[in-house]
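Worksheet: one structure, shown below.
On a predicted model such as this, the values are computed, not experimentally measured, just so you know. Naming: A, B, ... by sequence-line order, numbering from 1 per chain.
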Amino acid sequence: MTADAGVQVTELGAEDHACLTFGESEELFDLTAAFVRDGLDAGLKVVWVSEAGPGLAAGELERRGVAAEAAMANGQMTAAGCEGRLLSGQEFRADAAVGWLAGELASSARQGFPGLRVALDMSWALRPVAGIEELPEFEQGIAAALEGSTAAVLCQYDRERFDPVTLASVAGFHTRAVAAATYYADALLRICRQYAPPGIRIAGELDFQAAEPLGLALAEAIRLGGDIVINMSALAFVDARCTLMIADAARTIASQSRSVTLRCLAEVATGFKRIGLADVDGIRLVGRR
Amino acid sequence: MTAEEERQQRAPSGGNVPAGFTPLDQPFDGGSLYALRSAVTAHAAAAGMGRHQVYDVTAVAHELAANAVQHGAGHGRLRLWADDKFLYCQVSDDGRGGSADGAGAPDGLAPWPVQHGHGLWLTGQIADHVGVGHGPDGTTATVRFLLSPE
């Protein structure tokens, strides 16, 4: 099997064994939140295995508009660590981990769920864990377990920390390759789509020289439909031209009876207030100190 | 000329320079605007300005420099100096003269109705005083900010 490039996390379905690569925790939580949200909305059982404890995982999902705490309380969702699932006594055995997944598949069916979604944070494999050489065998086992099932698995790899050889060795066992849609990325600026809540995320420093990718991202935010969040929480600078472009897009969205939320630093928020954006119906300006 | 002599020569109203502040004199072009903003931020903070004012000064410095890049010679020089009351920022463009901001549409216009001229409007909103001069040697914009620590 070969991985399709450029698949959106919102397009995943049954039998998909997807390889998500992320560059920062914000991207990981955003994409995972979309995967979990869509699973919960479809009535599926959702399991998220990660280094983050259940409290942190639920908090990150709730912050992105996913009702994770209620789903965990009623048994539709589980957030848990790797120990006892992928690892046993900090040792990794591919057959045991695949066995755990098969157990989850059977358990969700017994509970009456029409399907299962499993997100696996693979950061544990960066530690000196015994048996790590069985990782490709594990990924192969997942692919076999998913055939003919109603389940989907999203394996999450940090592309900055995993070496290219390891990523290449596991990529072939996945049916899908997932990453955030990126309009622009270099050392100073990143403009990408945000999935949960829907919108775009801009981080770094933004000036007129990135007007073209910013325009594409804003145009897609308008086309997406529904309420939009323009997440600029990690945007340290935005110049006058780009401030106007973002404001114009926000006004366009608001004029369609949709709400648009602009999250940004207080200094950046002041720039939007100067041009009257705080007084527009449908536009919510959230400045953070 | 020593750094101290240079500082006194530039400071139009004389007076004491804020402790820890050193003047800035930095060339720029389209590829070095990030480095320019970073330097302005550091020097404005060293003049004793608070976080918001440092951001505003950096924004104004960027707009003036971006104007020289987009509508002037494509490069220029930024100078920053201070006395006991004000911080001064001067951007000079040694190329052809022209109206500051909005002299023409740059390449690759975004698909948004951007009002060219907003950069200078923003400068006027933030700075205490703005002066723009044109001459055979190019355009020079000098702006002044009241030092008001937060």
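Side chains of B:Tyr34 and A:Leu189 form no contact here, defined as non-hydrogen atoms less than 4.5 Å apart.
Ion pairing of B:Arg37 with A:Asp239 is absent here, as no side-chain N (NZ or NE/NH1/NH2) approaches a carboxylate O to less than 4.0 Å.
Interface remark: A:Glu267 contributes backbone and side-chain atoms alike to the contact with chain B (heavy atom separation under 4.5 Å). Of the two parts of A:Thr270, only the side chain, counted from C-beta on, holds a non-hydrogen atom closer than 4.5 Å to a non-hydrogen atom of chain B. Proximity to chain B is limited to the backbone of A:Ala236, based on heavy atoms less than 4.5 angstrom apart.
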Exercise for the section: For the pair B:Val69 and A:Phe208, evaluate side-chain contact (heavy atoms from CB on, under 4.5 Å) and give the outcome as yes or no after the intermediate values. Expected result: CA-CA 11 Å; B:Val69 168; A:Phe208 65 93; 4.2 Å; yes
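Side-chain N or O atoms of A:Gln209 include one that pairs as donor or acceptor with a backbone N or O of B:Gly30 at under 3.5 Å.
The aromatic rings of B:His62 and A:Phe237 sit perpendicular, their planes meeting at an angle over 60°, well past the 30° parallel limit.
Heavy-atom neighbours of A:Asp163 CG from other residues, nucleotides or ligands within 6.0 Å: above the threshold of 12.
Taking every heavy atom of both residues into account, A:Ala240 and B:Glu63 meet most closely at N-OE2, 2.7 Å.
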